[in-house]
*Asks:* 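Below is one structure. I have some questions about it.
It should be emphasised that the depicted structure is a prediction, and the values quoted were computed from it without experimental measurement. Atoms considered below: every heavy atom in the structure, side chains included; atoms not considered: hydrogens, waters and symmetry mates.
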Amino acid sequence: MMQISSHSPSPRSNQTHLNSLVSLIKSTTQTTQLLQIHAYLLRTSLLQESTFSVPFLQRISLPPFQILNYSLQIFSQILRPNVTHYNTMIRAYAMSIHPERGFYVYRDMMRQGIRPNPQSSSFVTKSCIRGSSLFRGVQIHGRILRDGHHSDTLLLTTLMDFYSCSGKCDNACKVFDEMPLRDTVAWNVLVSCYIRNNRTLDALAVFDSMQSGEHGCDPDDVTCLLLLQACSNLCAVGFGERIHEYIKDHGYHRALNLCNSLVAMYSKCGQLDKAYEVFQKIANKDVVSWTAMISGFASNGRGREAINVFREMERMGIPPDEQTFTALLSGCSHSGLLDEGRSIFYRMQREFGVVPNIHHYGCVVDLMGRVGLVEDAYDLINSMRCKPDATIWRTLLGACKVHGHMELGERVIEHLIELNAQEAGDYILLLNIYSSAGNWEKVIETRKLMKEKGIQTTPSASTIELKGEIHEFRVDDTSHPRIKEVYEMMDEIEKQLKIGGYVAEITKEKEGNGLLSYSYHSEKLALAFGVVATPPGTKLRVAKDLRICIDCHNFAKMLSGVYNREVIIRDRTRFHHFREGRCSCNDFW
DNA sequence: ACGGTTATTC
């Protein structure tokens with residue numbers, strides 16, 4: 001180690017000494033050495049010179065040190081902090097658990113008469129993102145324009161991300177449109193913005209538009225990662241395969257994160273064989289790879305195989321993490337593996353020292369509820385260390401509906417009311433519990449309550465991918481260009497299915513508004529469109545954002561037999577593979 | 001200096 005306290009005789013060697021001091025600051029990994037350097041800088045007044053104070057402040061504010069209190073102390077010892085000192089502090093706060101303090105430093109900087117540079121604005125914008133302060137972010141946007149920083153690509157990209165994270169997708173797009181120069185990162189932020197704000201179709205469209213002659217920007221590994229997420233959301237395997245090809249063509253296929261994402265994408269599109277193929281080819285599988293594969297089997301209703309993959313993972317000596325157990329437990333719940341689920345829940349805590357979190361409890365509650373142990377599930381929720389969220393109550397409410405536990409259902413909805421999180425779906429579930437118990441008074445009462453609370457239902461959507469193009473349908477939809485054919489085909493299909501013994505159930509839940517009227521659910525429309533638009537025998541793949549109802553489930557089952565079509569419907573959480581009039585799922589219906 | 005892998009649910 002260099003002697004920091006030595007005094008050099010000649011100015012020349014003194015200069016050498018100072019240079020090596022700077023490189024020592026930049027390279028040391030020991031906190032004790034930093035403390036020594038600090039003492040030296042103070043003693044020799046070198047701390048007042050930005051040559052030393054800037055790297056020093058940066059070093060302790062950024063990883064691996066990130067000692068925030070210490071940074072603040074150094075910062076206050078600098079008599080005339082310059083813009084870089086301020087930037088370092090803003091950045092440090094932006095990344096800390098007190099992101100809003102970044103804004104205070106920024107404001108203080110301006111009060112001291114120091115003009116922010118694009119980096120200052122970028123860091124403070126980041127602090128607004130982390131602290132989710134919409135108002136301040138908008139203020140900073142105005143400030144950026146006044147400072148004339150409206151053509152800084154980096155800054156504008158951060159600003160886009162701010163609007164994206166604040167749910168202001170249109171504003172983000174506006175910033176993007178007005179950017180004079182767009183690099184790949186800017187395009188990626190646009191994609192991420194579309195995904196974050198549920199404009200998944202637009203996200204996919206970016207892949208082509210960025211590569212077009214007009215823009216000529218090549219997607220990179222991050223673009224692929226984002227687009228694979230979009231494909232998963234839409235169940236768009238065709239598009240996913242395109243991305244897969246692109247990944248191979250550009251030599252990204254050795255990147256672990258991309259491979260993991262591919263496994264997840266194929267799994268979420270119901271293509272388990274493809275997922276497994278990619279998975280097996282991964283040379284150095286990490287926790288994420290294993291978890292993605294387990295989760296793939298789990299969500300496709302193949303709980304036993306999920307457990308087998310976990311056993312293999314154990315043999316390979318890869319330590320599972322909490323997400324691995326979430327995937328495993330959800331596998332058990334989807335496949336109704338009560339004993340296995342309990343045993344994993346126990347081993348997770350005892351053997352792997354994982355403290356159960358809300359996800360784990362959610363799975364176990366779902367598992368117990370599914371097999372009818374609703375009171376046990378209720379007790380489990382009450383015994384939790386963490387605060388029950390609306391989701392977990394909703395899970396139990398769903399189980400109450402299935403098993404017809406009206407009294408417990410009422411207790412559960414009380415908890416939802418307490419959390420102030422009641423949504424349309426919850427009341428519709430409760431309505432169903434009452435109506436199946438024949439308690440019409442309660443039905444009317446609940447309807448009234450919903451009206452008073454102004455609870456609105458949003459129609460759900462189904463998508464189907466044909467030749468790489470995504471078609472979206474909503475309940476009783478009339479917007480699709482070929483909707484007339486679709487409805488004609490619906491009538492035709494229903495006629496055919498009636499011959500096969502299909503009886504339409506009166507629709508009284510989920511989509512629509514809980515009214516006892518018969519309407520075409522979005523998945524039925526998507527299926528009918530699939531039958532219209534593809535040659536006989538083509539596999540139909542539909543993605544739906546809510547859970548499929550029993551009627552549509554029967555419909556798909558019959559359709560797969562009568563029309564001899566393989567049908568895959570992915571609902572909110574899982575897959576239903578229909579073939580020859582049967583479904584692979586062993587759920588309630 | 002800006003973007004990013006795996007998880008419970010209606």
*Asks:* Nearest whole Å is fine: how far is dT8(B) P from Leu396(A) CG?
*Replies:* 18 Å

*Asks:* Residues in salt bridge (charged side-chain N to carboxylate O under 4.0 Å, His left out) with Arg130(A), at least two apart?
*Replies:*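 Partners of Arg130(A) under the salt bridge (charged side-chain N to carboxylate O under 4.0 Å, His left out) test: none.
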
*Asks:* Between Ser267(A) and Ala275(A) (side chain of the first, backbone of the second, donor and acceptor by atom type, cut-off under 3.5 Å), is there such a pair?
*Replies:*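 Judged by distance alone, no pair lies under 3.5 Å.
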
*Asks:* I want to verify a distance call: between dT9(B), dA7(B), dA1(B), whose nearest atom is closest to the Lys268(A) side chain?
*Replies:*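 Looking only at heavy atoms from C-beta outward on Lys268(A), the closest nucleotide is dA7(B).
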
*Asks:* What contact category does Arg196(A) fall into here, base, sugar-phosphate, or nothing, at under 4.0 angstrom with non-hydrogen atoms?
*Replies:* sugar-phosphate

*Asks:* Nearest whole Å is fine: how far is dT6(B) C1' from Phe325(A) CZ?
*Replies:* 14 Å

*Asks:* In whole Å, I'd like the distance from the CG atom of Asp220(A) to the P atom of dT5(B).
*Replies:*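 Atom CG in Asp220(A) sits about 13 Å away from atom P in dT5(B).
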
*Asks:* Counting the atoms with a prime plus P, OP1 and OP2 as sugar-phosphate, which does Gln229(A) contact under 4.0 Å by heavy atoms, base, sugar-phosphate, or nothing?
*Replies:*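 Sugar-phosphate only.
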
*Asks:* Nearest whole angstrom, please: distance from the P of dC2(B) to the CG of Asp161(A).
*Replies:*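 The answer, rounded to whole Å, is 10 Å.
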
*Asks:* Under 4.0 Å, counting only non-hydrogen atoms across every strand here, what does Leu154(A) touch: a base, just sugar-phosphate, or nothing?
*Replies:*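 It contacts base atoms.
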
*Asks:* Can you tell me the distance, in whole Å, between the CD1 atom of Ile318(A) and the C1' atom of dT6(B)?
*Replies:* 14 Å

*Asks:* Would you mind classifying the nucleic acid contact of Asp183(A) as base, sugar-phosphate or nothing, using non-hydrogen atoms under 4.0 angstrom?
*Replies:*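 The residue Asp183(A) makes base contact.
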
*Asks:* Quick one: label Val189(A) by what it contacts on the DNA or RNA (base, sugar-phosphate, nothing), any heavy atom closer than 4.0 Å.
*Replies:* sugar-phosphate

*Asks:* From the set dA7(B), dT5(B), dA1(B), return the single nucleotide nearest to any side-chain atom of Gln323(A).
*Replies:*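 Nucleotide nearest to Gln323(A)'s side chain: dA7(B).
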
*Asks:* Could you report the tightest heavy-atom contact between Pro64(A) and Arg59(A), atom names first, then the distance?
*Replies:* CD-NH1, 4.1 Å

*Asks:* Answer yes or no: does atom CZ of Arg411(A) have more than 12 heavy-atom neighbours from other residues, nucleotides or ligands under 6.0 Å?
*Replies:*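 More than 12 within 6.0 Å, yes.
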
*Asks:* So does Ser295(A) get a side-chain nitrogen or oxygen closer than 4.0 Å to the phosphate oxygens (OP1/OP2) of dA7(B)?
*Replies:* yes

*Asks:* As a test of reading the structure: which of dT6(B), dC10(B), dG4(B) is closest to the side chain of Asp321(A), going by heavy atoms?
*Replies:* dT6(B)

*Asks:* Just jot down the salt bridge (charged side-chain N to carboxylate O under 4.0 Å, His left out) partners of Arg302(A), sequence neighbours excluded, or say none.
*Replies:* Glu305(A)

*Asks:* Roughly how many Å is it from NE2 in His360(A) to C1' in dT8(B), rounded to a whole number?
*Replies:*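 Rounding to the nearest Å, NE2 of His360(A) and C1' of dT8(B) are 9 Å apart.
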
*Asks:* Could you please name the option among dG4(B), dA1(B), dT8(B) that lies closest to any side-chain atom of Thr326(A)?
*Replies:*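 That would be dT8(B).
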
*Asks:* Counting side-chain heavy atoms from C-beta on, which of dT6(B), dT8(B), dG4(B) comes nearest to Thr291(A)?
*Replies:* dT6(B)

*Asks:* Measuring from the side chain of His359(A) (C-beta onward, heavy atoms only), which nucleotide among dT6(B), dT8(B), dC2(B) has the closest atom?
*Replies:*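 Between dT6(B), dT8(B), dC2(B), the one nearest the side chain of His359(A) would be dT8(B).
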
*Asks:* Consider the side chain of Ser330(A), meaning its heavy atoms from C-beta on, and name the nucleotide among dT9(B), dT5(B), dT8(B) that approaches it most closely.
*Replies:*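 When the side chain of Ser330(A) is considered, dT8(B) is the closest of dT9(B), dT5(B), dT8(B).
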
*Asks:* Tyr246(A) side chain to Pro219(A) main-chain N or O, any donor-acceptor pair under 3.5 Å?
*Replies:*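 Flag set: sc Tyr246(A) to bb Pro219(A) pair under 3.5 Å.
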
*Asks:* Using whole Å, what does the distance between atom C1' of nucleotide dT8(B) and atom CZ of Arg394(A) come to?
*Replies:* 13 Å

*Asks:* Could a donor-acceptor pair under 3.5 angstrom be found where the side chain of Thr157(A) meets the base of dC2(B)?
*Replies:*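 Such a pair exists between side chain and base.
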
*Asks:* Among residues 304-314 of chain A, which residues get a heavy atom nearer than 4.0 Å to DNA chain B?
*Replies:* none

*Asks:* Below 3.5 Å, does any donor atom in the side chain of Asn260(A) face an acceptor in the base of dT5(B), or the other way round?
*Replies:*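 Answer is yes: a donor-acceptor pair is held.
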
*Asks:* Taking only side-chain nitrogens and oxygens of Arg370(A), does any of them come within less than 4.0 Å of OP1 or OP2 of dT8(B)?
*Replies:*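 No, Arg370(A) has no side-chain N/O under 4.0 Å of OP1/OP2 on dT8(B).
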
*Asks:* Looking only at heavy atoms, which two atoms of Leu204(A) and Ala236(A) are closest? And how far apart?
*Replies:* CD1-CB, 4.5 Å

*Asks:* Side chain of Asp366(A), heavy atoms from C-beta onward: which of dT9(B), dT6(B), dG4(B) has the nearest atom to it?
*Replies:* dT9(B)

*Asks:* Does a salt bridge link Arg347(A) with Glu314(A), judged by any charged N lying under 4.0 Å from a carboxylate O?
*Replies:*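 Here Arg347(A) pairs with Glu314(A) in a salt bridge, since their nearest N and O are under 4.0 Å apart.
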
*Asks:* Fit a plane to each ring of His215(A) and Trp187(A), take the angle between them on a 0 to 90° scale, and name the class: parallel (under 30°), tilted (30 to 60°) or perpendicular (over 60°).
*Replies:*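 Geometry flag for Trp187(A) against His215(A): perpendicular rings.
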
*Asks:* To the nearest Å, how far apart are Asn357(A) CG and dT9(B) P?
*Replies:* 13 Å

*Asks:* Looking only at side-chain atoms of His334(A), point me to the closest of dT9(B), dC2(B), dT6(B).
*Replies:*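 For the His334(A) side chain, the nearest candidate turns out to be dT9(B).
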
